[in-house]
Amino acid sequence: MRWSIAGKHCLITGASSGHGRALARALARQGARLCLLGRDRERLEAARAECAAESRAGHEPDCVQCDLASMAAIARTADELLARDRPLHLLVHNAGIVARQRSLTADGIERTLAVNYLAAFQLSLLLLERLQDSAPARIVLVASDAHRVVRLDLDDLQLTRGYSWWKAYGRSKLALLHFNRELARRLAGTGVSVNAVDPGPVASRIAAAEPGLLPRLASTLIQKLFPSPARACRTTVSLCSSAHLQGRSGGYYRFARLRAARLDEDKRTPERLWKASAELTGLDLA
């Protein structure tokens with residue numbers, strides 16, 4: 001089937017700032033029908049206004065406020081989206097955090113793992129039937145080459161020992177890449193493709209929410225030295241909108257090139273991670 005993003009219904013998480021906001025604006029210019037998901041209502045409304053102004057087709061985006069650190073909030077959001085009875089052609093898991101200190105969500109989950117990985121697992125499974133009904137459809141996971149310097153410890157998935165922000169962030173992105181491979185395998189033949197992308201360094205606010213002088217300085221340097229979100233999102237835009245990628249699934253892309261992810265040699269890891277994720281979220285595929 002031919003693929004064009006024009007007129008397609010698209011949900012983007014973390015769409016109120018940085019890479020997600022730039023991606024939303026780029027897809028709006030291509031005529032996509034957008035639903036923007038984020039935590040901050042004011043920033044969401046600002047992103048909505050920008051996308052509406054740039055929409056090639058004059059589409060007014062929807063906004064959904066959701067805290068991806070809360071499984072209950074994710075479940076309510078999925079129910080709200082499904083109740084609208086609209087197709088879903090593209091789901092982009094872009095939201096991500098960096099947490100300098102280890103903390104737990106209300107669900108008792110280490111926060112970086114919860115927001116960067118488990119939220120994508122939960123929301124994908126809750127919306128999967130709608131994606132399949134809307135096929136051809138795509139899921140895009142925003143990962144990172146930070147996964148290359150860590151290893152996934154399935155016996156300590158929540159980093160109760162030896163926590164560091166870099167290890168937590170890298171492991172969450174490595175988990176996304178295992179999820180990418182396993183979900184692609186499970187969805188083969190359904191018309192729903194899954195691919196992951198590393199947009200490279202991005203001048204974003206990812207560290208801005210952390211307290212203290214060091215995170216503020218890091219956030220300032222990131223925004224001054226790294227490529228703009230509009231430039232960094234180009235590979236993600238391609239995964240979302242390019243017709244030549246139709247039907248390709250399970251890939252990991254960086255700077256528009258298919259790239260080999262550094263995954264554990266143990267071929268059971270994706271399935272074992274899936275099982276652990278299903279236990280934590282209470283969701284699974286039949």
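For this chain, numbers begin at 1 and follow the sequence in order.
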Item checked: Audit row: L174, H178, side-chain contact (heavy atoms from CB on, under 4.5 Å) steps and yes/no -> CA-CA 6 Å; L174 180 54; H178 282 297; 4.0 Å; yes

Check: Does Q65 use its side chain to pair, donor to acceptor, with the backbone of R39 at less than 3.5 Å?
Finding: yes

Notebook entry, point to check: Any side-chain heavy atom of Y169 within less than 4.5 Å of one from S144?
Noted result: yes

Notebook entry, point to check: Does R76 pair with D79 as a salt bridge, N-O distance under 4.0 Å?
Noted result: no

Note to self: Would the distance check show the side chain of S55 and the main-chain N or O of C51 forming a donor-acceptor pair, the cut-off being under 3.5 Å?
What the structure shows: no

Next item on the list: Identify whether the distance between the nearest side-chain nitrogen and carboxylate oxygen of R102 and E110 falls below 4.0 Å.
Entry: no

Next item on the list: Any chance you could lay out the side-chain contact (heavy atoms from CB on, under 4.5 Å) test for R33 and K8, step after step, and finish with the verdict?
Entry: CA-CA 6 Å; R33 296 178 179 270; K8 293 288 195 298; over 6 Å; no

Notebook entry, point to check: Rounded to the nearest 0.5 Å, how far does CG of L11 lie from CG of L127?
Noted result: 6.5 Å

Note to self: On a heavy-atom basis, which atom in A184 and which in S249 lie closest, and how many Å separate them?
What the structure shows: CB-OG, 3.4 Å

Notebook entry, point to check: Looking at CZ of R272 and CG of L152, how far apart are the two atoms once the value is rounded to the nearest 0.5 Å?
Noted result: 9.0 Å

Check: With side chains defined as the heavy atoms from C-beta onward, is the minimum distance between N116 and L176 less than 4.5 Å?
Finding: no

Notebook entry, point to check: So how far is it from C10 SG to L91 CG, rounded to the nearest 0.5 Å?
Noted result: 10.0 Å

Margin query: Does any part of the side chain of H93, heavy atoms only, come nearer than 4.5 Å to the side chain of Y117, both counted from C-beta?
Written below: no

Margin query: Which heavy atom of S238 sits nearest to which heavy atom of R138, and what is that distance?
Written below: O-NH1, 4.2 Å

Notebook entry, point to check: What are the two closest heavy atoms between L68 and A95, and how far apart are they?
Noted result: CD1-CB, 3.4 Å

Notebook entry, point to check: How many angstroms lie between CZ in R186 and CZ in F179, if you round to the nearest 0.5 Å?
Noted result: 9.5 Å

Margin query: Is there a side-chain contact between S193 and R248 in this structure, where contact means two heavy atoms from C-beta onward sitting under 4.5 Å apart?
Written below: no

Check: Between CG of L88 and SG of C35, what distance do you get to the nearest 0.5 Å?
Finding: 9.0 Å

Checklist line | Candidate pair D145 and R148, rule salt bridge (charged side-chain N to carboxylate O under 4.0 Å, His left out), full reasoning | finding: CA-CA 6 Å; D145 259 9; R148 297 184 181 280; 3.1 Å; yes

Notebook entry, point to check: Do you know the tightest heavy-atom contact between L23 and C240?
Noted result: CD1-SG, 4.3 Å

Notebook entry, point to check: Looking at K275 and E271, does any basic side-chain N land under 4.0 Å from a carboxylate oxygen?
Noted result: no

Next item on the list: Check A32 against H59 and note the closest heavy-atom contact, atom names and distance.
Entry: O-CD2, 3.6 Å

Next item on the list: Mark yes or no for whether K167, through its side chain, and V150, through its backbone, hold a donor-acceptor pair below 3.5 Å.
Entry: no

Next item on the list: Nearest 0.5 Å please: distance from the CG atom of L126 over to the CD1 atom of I74.
Entry: 8.0 Å

Item checked: Close aromatic pair by centroid cut-off 6.0 Å: Y252 and H147 -> yes

Notebook entry, point to check: Under the 3.5 angstrom rule, does the side chain of R111 hit a backbone N or O of L104 as a donor-acceptor pair?
Noted result: yes

Note to self: Side chains of T269 and R151, heavy atoms from C-beta outward: is any pair under 4.5 Å?
What the structure shows: no

Notebook entry, point to check: Is a side-chain N or O of R21 found less than 3.5 angstrom from the main chain of E50, in a donor-acceptor match?
Noted result: no

Margin query: Between D62 and R48, does any NZ, NE, NH1 or NH2 come within less than 4.0 Å of an OD or OE carboxylate oxygen?
Written below: no

Note to self: If you apply the rule side-chain contact (heavy atoms from CB on, under 4.5 Å), what do you find for D198 with T235, and how did you get there?
What the structure shows: CA-CA 8 Å; D198 170 26; T235 300; over 6 Å; no

Item checked: N/O donor-acceptor pair under 3.5 Å between N195 side chain and G251 backbone -> yes

Check: Is it true that a side-chain atom of D156 and a backbone atom of R161 form a donor plus acceptor pair closer than 3.5 Å?
Finding: yes

Note to self: Tell me if a side-chain donor or acceptor on S172 pairs with a main-chain N or O of L113 at a distance below 3.5 Å.
What the structure shows: no

Notebook entry, point to check: Does atom CD of E54 have more than 12 heavy-atom neighbours, drawn from other residues, nucleotides or ligands, at distances under 6.0 Å?
Noted result: yes

Next item on the list: Scan side-chain atoms only and decide if S134 and H9 contain a donor-acceptor pair under the 3.5 Å cut-off.
Entry: no

Checklist line | Ring-face cation contact, W274 with R185, 6.0 Å cut, 45° max | finding: no

Check: Heavy-atom distance under 4.5 Å between the side chains of V98 and T112, does that happen here?
Finding: no

Next item on the list: Would you check, one step at a time, whether the test side-chain contact (heavy atoms from CB on, under 4.5 Å) holds for I5 with L90?
Entry: CA-CA 9 Å; I5 201 67; L90 173 67; 3.9 Å; yes

Check: Side-chain contact, heavy-atom cut-off 4.5 Å: V64 with L36?
Finding: no

Next item on the list: For the residue pair D133 and P87, establish whether any side-chain heavy-atom pair is separated by less than 4.5 Å.
Entry: no

Next item on the list: Looking only at non-hydrogen atoms, find the nearest pair between V237 and A26 and report the distance.
Entry: CG2-CB, 3.7 Å

Checklist line | Short side-chain to backbone donor-acceptor contact, D153 and L159, under 3.5 Å | finding: no

Next item on the list: Without swapping roles, check the side chain of Y163 against the backbone of Q158 for a donor-acceptor pair under 3.5 Å.
Entry: no

